Amino acid sequence: MSSPSHFSLLVVDDEPDLRTLYELTLLREGYDVETAATVDDALLHLKDRTYSAVITDMRLPDGTGLDLLRRLEEGNRREKAIVITAYGSAENAVEALKAGAYDYLTKPVDLKQFRAVVASALGRSAATVPTMVPSSLPSENGASPVSPGNASAVTARPVASLPASAPAPAHAGPVSQALARMAGQSQAMQQVRQLIDKVARSMAPVLVNGESGTGKELVARAIHEISPRTGQPFVPVNCSAIPEQLLEAEFFGYRKGAFTGANEDREGFFQAANGGTLFLDEIGDLPLAMQSKLLRAIQERSVRPVGAVVEQSVNVRLLSATHKDLGAEVQAGKFRQDLYYRLNVIQIRVPPLRERLEDLPSICDRVLDRIARDAGVSPAPRLTRDAMVQLSRYSFPGNVRELENLLHRAVALTVGDVIDVADLGVSELVFSDSDAAEFDATPVVSAKPAAAAAAEAVRAPVAPVQAPLPSDLAAYLDDIERDVLERALERYRYNRTAAGASLGLSLRQMRYRMARLGVNVGGTDDPVDVERGEPG
């Protein structure tokens with residue numbers, strides 16, 4: 001890591017006393033510091049050299065700090081930007097962060113916090129930085145110019161890709177595995193990737209909105225992995241899965257003896273994520289009482305474990321996700337308005353699968369490759385053109401998660417390297433005979449022909465036909481399971497250990513299911529244990 005002397009900072013403020021205070025504070029930290037009093041003066045400095053970071057006041061004699069941020073953005077500059085203002089509001093915070101600011105502070109500035117935020121922006125000491133969200137956002141009782149009805153006002157806009165000649169972003173080094181797992185080149189997914197790239201540069205809280213199964217956690221992981229915090233913890237929390245009476249202890253930790261069963265001190269989610277990123281999934285399911293406690297933790301940038309009398313400072317970048325319309329939840333009184341403002345500084349909407357069906361072939365190929373790799377199968381099976389057309393006519397209410405489950409089942413039901421319509425095993429996906437004549441059954445071995453088939457299907461959709469419900473659900477499911485077992489046994493030459501392992505079953509579980517469903521090895525009444533060569 002570079003020493004402080006290798007970092008050069010530009011401080012822009014029209015008040016001489018404050019400018020001197022900031023300069024002396026940073027010089028004591030070992031930084032190389034230059035100062036400017038106006039936007040034009042700052043631009044002259046930026047014309048002559050490149051800085052590690054720019055620290056600017058919001059209101060300047062010839063413009064605003066936002067003007068300077070926009071010039072940095074337009075010039076594809078590498079400098080991190082920190083905005084300081086005495087006129088803190090949610091509107092100013094959102095505008096500064098959307099313009100590319102790394103963080104946002106209010107006057108009077110606490111010098112300890114000031115030094116920590118600068119160090120965090122430069123990547124010097126992220127583990128000790130006491131910053132979580134912009135301190136200028138409205139207080140619990142403060143008013144805000146943003147209303148739940150116009151939540152789109154705080155949704156980040158997609159940014160154009162940098163030209164080839166532009167300097168690389170400051171975080172260009174880390175490679176995000178989560179970002180690599182996002183299949184598809186549709187316009188909607190390109191916009192999501194661009195937003196991820198932009199918001200990862202700052203400390204701004206991000207709200208990821210999308211239906212269940214769209215990959216909201218994948219988006220949050222990608223933001224963390226290409227941010228300056230990539231080497232620090234990423235702690236995902238499913239807010240809807242925690243009993244209400246345990247929420248405070250799980251979030252903030254507890255001290256020994258705080259309640260019955262508290263036999264030792266324990267850290268909470270905030271402490272576990274200290275220095276890194278805390279991802280609160282399904283934030284809309286938090287009860288109101290816990291929302292109030294979470295809001296205080298965000299505002300104070302500290303938490304108090306259950307049973308403790310002293311608060312602990314935490315350095316957490318907060319990301320959250322929900323499938324709900326939080327603006328509507330606020331109007332209905334089910335979600336705190338002030339917490340909503342805190343979380344919804346920048347919003348990323350993850351599109352449902354039905355809105356990007358052109359990505360279906362590449363997603364299927366990616367999922368099938370992963371299933372085959374996990375099962376040790378080579379080559380990975382591929383969908384026929386008819387099967388791909390069948391899938392493209394389905395609305396996928398469960399989104400990518402439902403598609404993955406469907407393909408897992410199809411692989412288990414398929415004998416060979418080709419997955420056809422019959423192998424999909426979903427009665428809701430009924431293929432029209434009138435359209436079947438337009439396609440042959442050639443296996444789809446690459447994304448290109450599948451994409452063409454999917455596009456044609458989108459242009460001429462056929463409404464799904466509802467199959468009749470089974471009269472005996474248990475018998476219906478037993479028939480499906482029996483067929484899967486028989487196929488697996490046939491594929492592995494009736495070796496029950498290998499067949500069971502391919503389905504995630506132990507030999508004992510395999511024997512139990514075979515006995516319950518009357519599945520015989522090799523078609524005999526007295527099954528032979530192929531593993532031991534004797535009666536089972």
Side-chain angles (χ1 to χ4, degrees), residues 89-91 93-95 97-98 133-134 137-138 140 142-158 182 186-189 191-196 198-199 204-223 236-242 244 247 251 278-295 298 318-357 395-402:
S89 69
E91 186 176 58
V94 170
E95 288 302 315
L97 293 168
K98 288 167 65 176
V133 295
L137 292 177
E140 183 172 348
S144 171
V146 186
S147 64
N150 67 341
S152 60
V154 294
T155 302
R157 298 181 297 269
M182 292 183 187
S186 62
Q187 182 178 359
M189 287 307 298
Q191 290 182 349
V192 169
R193 289 191 184 93
Q194 289 171 350
L195 284 172
I196 289 172
K198 184 170 184 179
V199 303
V206 177
L207 177 64
V208 185
N209 188 269
E211 298 177 6
S212 296
T214 52
K216 297 187 289 295
E217 182 173 338
L218 205 60
V219 171
R221 286 186 180 276
I223 293 172
V237 178
N238 186 346
C239 297
S240 63
I242 305 173
E244 183 172 352
L247 280 169
F251 271 72
L278 179 62
F279 173 56
L280 302 181
D281 196 10
E282 298 304 343
I283 187 74
D285 292 336
L286 276 183
L288 285 169
M290 188 59 201
Q291 291 177 29
S292 177
K293 296 172 183 177
L294 176 62
L295 177 65
I298 295 174
L318 193 65
L319 307 177
S320 54
T322 182
H323 69 281
K324 297 182 177 180
D325 181 350
L326 289 190
E329 294 289 295
V330 169
Q331 298 283 26
K334 298 179 181 179
F335 200 84
R336 290 183 65 103
Q337 186 179 56
D338 38 16
L339 179 59
Y340 174 71
Y341 297 145
R342 293 275 181 174
L343 300 175
N344 196 31
V345 175
I346 298 177
Q347 185 179 128
I348 297 179
R349 177 181 178 271
V350 185
L353 184 54
R354 63 181 175 274
E355 292 184 8
R356 56 185 190 104
L357 286 176
S395 62
F396 287 103
N399 294 293
V400 178
R401 184 183 295 125
E402 181 182 8

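From a predicted model like this one, the values you see are computed outputs, not experimental measurements.
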Residue pair [X] / [Y]: nearest heavy atoms and the distance that separates them:
| X | Y | result |
| --- | --- | --- |
| Ile223 | Val199 | CD1-CG2, 3.8 Å |
| Phe251 | Cys239 | CZ-SG, 4.1 Å |
| Gly284 | Phe335 | CA-CE1, 4.1 Å |
| Ala204 | Val345 | CB-CG1, 4.3 Å |
| Leu357 | Arg354 | CG-O, 3.8 Å |
| Leu318 | Leu343 | CD2-CD2, 3.6 Å |

Tell me whether [X] contacts the main-chain N or O of [Y] through its side chain, where contact means a donor paired with an acceptor under 3.5 Å.
| X | Y | result |
| --- | --- | --- |
| Asn399 | Ser212 | yes |
| Gln291 | Arg336 | yes |
| Lys216 | Val350 | no |
| Asn209 | Lys324 | yes |

- Message: Pair Ile196, Met182 - check side chain to side chain contact (heavy atoms under 4.5 Å, CB included), show working.
- Response: CA-CA 12 Å; Ile196 289 172; Met182 292 183 187; 3.6 Å; yes
Measuring from atom [atom1] of [X] to atom [atom2] of [Y], what distance do you get when rounded to the nearest 0.5 angstrom?
| X | Y | atom1 | atom2 | result |
| --- | --- | --- | --- | --- |
| Tyr340 | Gln331 | OH | CD | 9.5 Å |
| Glu355 | Thr214 | CD | OG1 | 10.5 Å |
| Asp338 | Ser292 | CG | OG | 8.0 Å |
| Lys198 | Ile346 | NZ | CD1 | 7.5 Å |

Hey, are the side chains of [X] and [Y] touching, using non-hydrogen atoms and a 4.5 Å cut-off?
| X | Y | result |
| --- | --- | --- |
| Val400 | Arg356 | yes |
| Leu294 | Ile283 | yes |
| Leu319 | Val208 | no |
| Pro236 | Arg221 | yes |
| Val192 | Val219 | yes |
| Glu329 | Thr322 | no |

- Query: How would you list, by chain and number, every residue that makes a salt bridge (Lys or Arg N to Asp or Glu O under 4.0 Å) with Asp281, sequence neighbours excluded?
  - Reply: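 Here no residue qualifies.
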- Task: Would you sort out whether Ile298 and Leu339 count as a side chain to side chain contact (heavy atoms under 4.5 Å, CB included), showing the intermediate values?
- Result: CA-CA 9 Å; Ile298 295 174; Leu339 179 59; 3.9 Å; yes
